[in-house]
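Just so we're on the same page: letters track the sequence lines, and every chain starts at 1.
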Amino acid sequence: MELFMPLFIAVVIIFGIIKKVPLFDAFTDGAREGIKTLLGVAPTLVGLITAVDMLKASGAIDILCDFISPAAELLGFPKEIVPMILLRPVSGGGSTALLTGIYKECGADSFAGLCASVLAGSTETTFYAIAVYYGSVGVKKIRHTLPAALSADFTAAVMAVLSVKIFLCP
Amino acid sequence: MINRIFGALILISAVTGMILGRGSQLAQGVLDGAADSVKLLTTMAGMILLWSGIMEIAERGGFTAVMSRVLSPALRLLFRGLPRDSRAMKLISMNVSANLLGLGNAATPFGLSAMKELKRLSPRDDTASGDMITFVVMNTASIQLMPTMIGALRQMYGSREPFVILPCVWISSACALTAGLTIAKLFGGGK
C-alpha cells in the first residue's frame with residue numbers, strides 16, 4: 001500500500017516525459033496554485049479549530065458524547081466520531097478540527113482514530129457541493145438530491161466503522 | 001449555515017464552561033486552538049504544495065484525459081440519456097477523473113461547466129433534472145483514490161502507517177457512492 005503513492009508519481013512523470021511537459025516548470029506552477037489553496041483554507045481552519053478546541057475545553061463535547069453514546073454503542077460506533085459524523089456534511093474545516101482532536105486524544109492508529117480517518121476520506125462537504133453546483137446554474141428545486149446525498153454520507157459512516165473493524169482492528 | 005455553526009460553537013462552549021466552572025481551561029482552549037491550527041497548516045502546507053505540483057504535471061501530461069477515457073463506459077451507464085460524444089459527457093468524465101485524482105481545484109470548473117451543459121439539455125427552468133441529481137450526488141461523495149491530506153495529518157499525529165487506511169477508504173467510498181446513486185435513481189423513477 002505504501003508503494004501506491006511513489007508508483008503513482010512515477011507514472012505521472014512518465015506521462016509528462018512522453019508529452020514533453022517541462023516537468024519542473026509545471027510542478028512549480030502547480031505548487032504556486034497550491035499556496036493559494038492553502039491561504040484560502042487558513043482563516044477557516046484557524047477559526048473553526050479554535051471554536052472546536054473551546055468546545056472541548058468547556059466540557060460540552062463530553063456532554064454531547066455521553067448523550068449520544070448509547071445510540072453510538074448500539075451501532076458499534078466509537079462515540080468520539082459521532083460529532084464528526086454530524087458535522088462532516090456541513091463543514092470541511094470543522095470536521096478536520098474534530099479529526100485532529102480525535103488523533104490527539106485517542107491516537108491516529110487507535111480504533112476511533114482509524115474510523116475517523118476512513119470517514120474523512122470517504123465523505124465530502126455535502127451541503128457545500130450542493131450549494132455550489134446548483135447555485136451556479138440557478139436551480140432551486142433540487143428534488144431528491146439531499147436524501148440521496150445524505151444516505152451516501154450515512155453509508156460512508158457505517159462502512160468506515162465496519163471496514164476498520166474487519167480489516168484493521170479485528 | 002457556517003456562520004450560525006461558528007456562533008453556536010463559541011456560545012455553547014462559553015456557557016457550558018461557565019456552568020461547569022472551567023474558565024481557565026476555556027482560556028487555555030482559545031490559546032491552544034490558535035496555536036494548533038497554525039501547526040496544522042504548516043503540516044498541510046508541504047502536502048498541498050507537493051501534490052498540487054505533481055497534479056499539474058498530470059494535467060499537462062494528459063494523464064487526466066486518459067483516465068477520463070477509461071471511465072467513460074461506466075459513466076455512460078449512469079447517464080443513459082446523454083449522447084456519448086456530447087460536451088456534457090466529456091465534461092462529466094473530466095470532472096470525475098479529476099475528483100478521483102484528488103484535483104479538487106480542477107474538478108470544480110469542469111463540474112460547473114458540466115452543470116451548465118446539463119441545464120441546457122433540461123427543459124425545466126429551476127428544477128434539477130435526473131442527470132443533474134446523479135452528477136451532484138457523485139460530487140457530494142468522495143471518490144478520491146489518495147487522501148493525501150489525511151495521510152499527512154495521520155503522520156503528524158504519530159501514525160506508524162499513515163496509508164494503512166486506503167483499502168477501507170476505497171471500500172466505504174464505493175459503498176457510499178453506490179447507496180447515493182441507488183437512492184437517486186429509485187426516487188427518480190428510473191428517469
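- Of all non-hydrogen atoms in B/F6 and A/G47, the two that sit nearest each other are CE1-O, 3.4 Å.
- When heavy atoms are compared at a cutoff of 4.5 Å, A/T145 approaches chain B by way of both its backbone and its side chain.
- Criterion: ILVMFWY side-chain heavy atoms under 4.5 Å apart, direct or through other members. Under it, A/I49 and A/L86 are not part of a common hydrophobic cluster.
- Between chain A and the options B/A114, B/G17, B/A179, B/S159, heavy-atom pairs under 4.5 Å are most frequent for B/S159.
- Residue B/T182: no heavy atom, backbone or side chain, is found under 4.5 Å from chain A.
- How far CD1 of B/I165 is from CG of A/L119: 10.5 Å, rounded to the nearest 0.5 Å.
- B/I19 does not touch chain A: none of its heavy atoms, backbone or side chain, sits under 4.5 Å away.
- Proximity to chain A is absent for every atom of B/N99, based on heavy atoms less than 4.5 angstrom apart.
- From B/M132, atom CE reaches atom OH of A/Y134 across 7.5 Å, with rounding to the nearest 0.5 Å.
- Proximity to chain B is limited to the side chain of A/L168, based on heavy atoms less than 4.5 angstrom apart.
- Interface residue B/L20: only side-chain heavy atoms are found under 4.5 Å from chain A.
- At least one side-chain heavy atom of A/T100 sits less than 4.5 Å from a side-chain heavy atom of B/L40.
- Judged purely by atom type and a 3.5 angstrom limit, B/S142 uses its side chain to pair as donor or acceptor with the backbone of A/G121.
- Residues A/Y133 and B/T108 share a closest heavy-atom pair of OH-CA, 3.8 Å.
- Few gaps surround CD on B/Q25; more than 12 heavy atoms of other groups in view lie less than 6.0 Å from it.
- Residue contact with chain A, scored on non-hydrogen atoms closer than 4.5 Å, is absent for B/M138.
- Put simply, CG on B/D32 and CE on A/M54 are 12.0 Å apart, with the number rounded to the nearest 0.5 Å.
- With respect to chain A, the highest number of heavy-atom pairs below 4.5 Å among B/L145, B/I10, B/V15, B/D36 belongs to B/D36.
- Across B/A34, B/P147, B/G111, the residue that shares the most heavy-atom pairs under 4.5 angstrom with chain A is B/G111.
- When side chains are defined from C-beta on, B/I48 does not count as touching A/K36, because their heavy atoms never get closer than 4.5 Å.
- Per-residue counts of heavy-atom pairs under 4.5 Å with chain A were compared for B/A27, B/A45, B/G158, B/S122; the largest is that of B/A45.
- Around the CZ atom of A/F154, the shell of radius 6.0 Å holds no more than 12 heavy atoms that belong to other residues, nucleotides or ligands.
- With hydrophobic clusters built from ILVMFWY side chains whose heavy atoms lie under 4.5 angstrom apart, B/L166 shares a cluster with A/L114.
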- [ ] Determine, step by step, whether B/M149 and A/T96 satisfy the side-chain contact (heavy atoms from CB on, under 4.5 Å) criterion, reporting the C-alpha distance in whole Å, the side-chain angles of both residues, the deciding distance to 0.1 Å, and the verdict.
- [x] CA-CA 10 Å; B/M149 183 68 63; A/T96 304; over 6 Å; no
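- Neither the backbone nor the side chain of A/I166 comes within contact range of chain B; no heavy atoms are under 4.5 Å apart.
- Between B/G29 and A/D53, the shortest heavy-atom distance links the atoms O-CB, 3.6 Å.
- Proximity to chain A is limited to the side chain of B/V66, based on heavy atoms less than 4.5 angstrom apart.
- For a residue to count as touching a neighbouring chain, one of its non-hydrogen atoms must lie under 4.5 Å from one of that chain's; by this rule A/V132 touches chain B with backbone and side chain alike.
- Of the two parts of A/K19, only the side chain, counted from C-beta on, holds a non-hydrogen atom closer than 4.5 Å to a non-hydrogen atom of chain B.
- In this pair, B/F63 and A/F15 present their aromatic rings perpendicular. The plane angle is above 60°, beyond the 30 to 60° band.
- Tracing side-chain contacts under 4.5 Å through hydrophobic residues (I, L, V, M, F, W, Y), one never reaches B/L101 starting from B/F110; they form parts of separate clusters.
- Heavy-atom minimum distance, B/I12 versus A/A60: CG2-CB, 4.0 Å.
- Summarising the geometry of A/S58 relative to B/R22, their closest heavy-atom pair is O-CD, 3.6 Å, with the distance given to 0.1 Å.
- Heavy atoms closer than 4.5 Å to chain A are found nowhere in B/A65, neither backbone nor side chain.
- Criterion: ILVMFWY side-chain heavy atoms under 4.5 Å apart, direct or through other members. Under it, B/F79 and B/M94 are not part of a common hydrophobic cluster.
- In this structure, the portions of B/M115 lying under 4.5 Å from any heavy atom of chain A include both its backbone and its side chain.
- Interface summary for chain B: among A/V21, A/I35, A/L55, the most heavy-atom pairs under 4.5 angstrom belong to A/L55.
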Open item on the list: I'd like to know whether A/R143 forms a side-chain contact (heavy atoms from CB on, under 4.5 Å) with B/T127, so could you lay out the CA-CA distance, the side-chain angles of the two residues, the decisive distance to 0.1 Å, and finally the verdict.
Closed with: CA-CA 7 Å; A/R143 294 162 68 206; B/T127 308; 3.6 Å; yes
TODO: Please step through side-chain contact (heavy atoms from CB on, under 4.5 Å) for the pair B/W51 and A/I9, ending with a clear verdict.
DONE: CA-CA 9 Å; B/W51 214 243; A/I9 296 177; 3.7 Å; yes
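- Using a 4.5 Å cut-off between heavy atoms, A/S110 does not touch chain B at all.
- Note on A/V52: it does not cluster hydrophobically with A/L64, by side-chain heavy-atom contacts below 4.5 Å among ILVMFWY residues.
- Rounded to the nearest 0.5 angstrom, B/I183 CD1 and A/L150 CG are separated by 11.0 Å.
- Heavy-atom distances place both the backbone and the side chain of B/L50 under 4.5 Å from chain A.
- Interatomic distance, CZ of B/R60 versus CG of A/D25, reported as 7.5 Å (0.5 Å rounding).
- For the set B/G21, B/A35, B/S52, the count of heavy-atom pairs under 4.5 angstrom toward chain A peaks at B/S52.
- If you tally non-hydrogen atom pairs under 4.5 Å between each of B/A141, B/S24, B/S37, B/G53 and chain A, the highest count goes to B/G53.
- One distance of note links CG of B/N139 with OG1 of A/T125; it measures 12.0 Å at 0.5 Å rounding.
- By the 4.5 Å heavy-atom criterion applied to side chains, B/I171 and A/V118 are not counted as neighbours.
- Heavy atoms from other residues, nucleotides or ligands lying under 6.0 Å from NZ of B/K90 number 12 at most.
- Heavy-atom distances place no part of A/I61 under 4.5 Å from chain B, backbone and side chain included.
- For A/V139, the parts lying near chain B are the backbone and the side chain together; criterion is any non-hydrogen pair under 4.5 Å.
- When every heavy atom of A/V12 is checked against every heavy atom of B/I54, the shortest pair comes out as CG1-O, 3.6 Å.
- Heavy atoms of B/I133 lying under 4.5 Å from chain A belong to its backbone as well as its side chain.
- The side-chain heavy atoms of A/V137 and B/L118, taken from C-beta on, include no pair separated by under 4.5 Å.
- Interface remark: B/V30 contributes backbone and side-chain atoms alike to the contact with chain A (heavy atom separation under 4.5 Å).
- If you measure heavy-atom distances from A/F8 to chain B, the contacts under 4.5 Å come from the side chain alone.
- Interface remark: A/I14 contributes no atoms to any contact with chain B (heavy atom separation under 4.5 Å).
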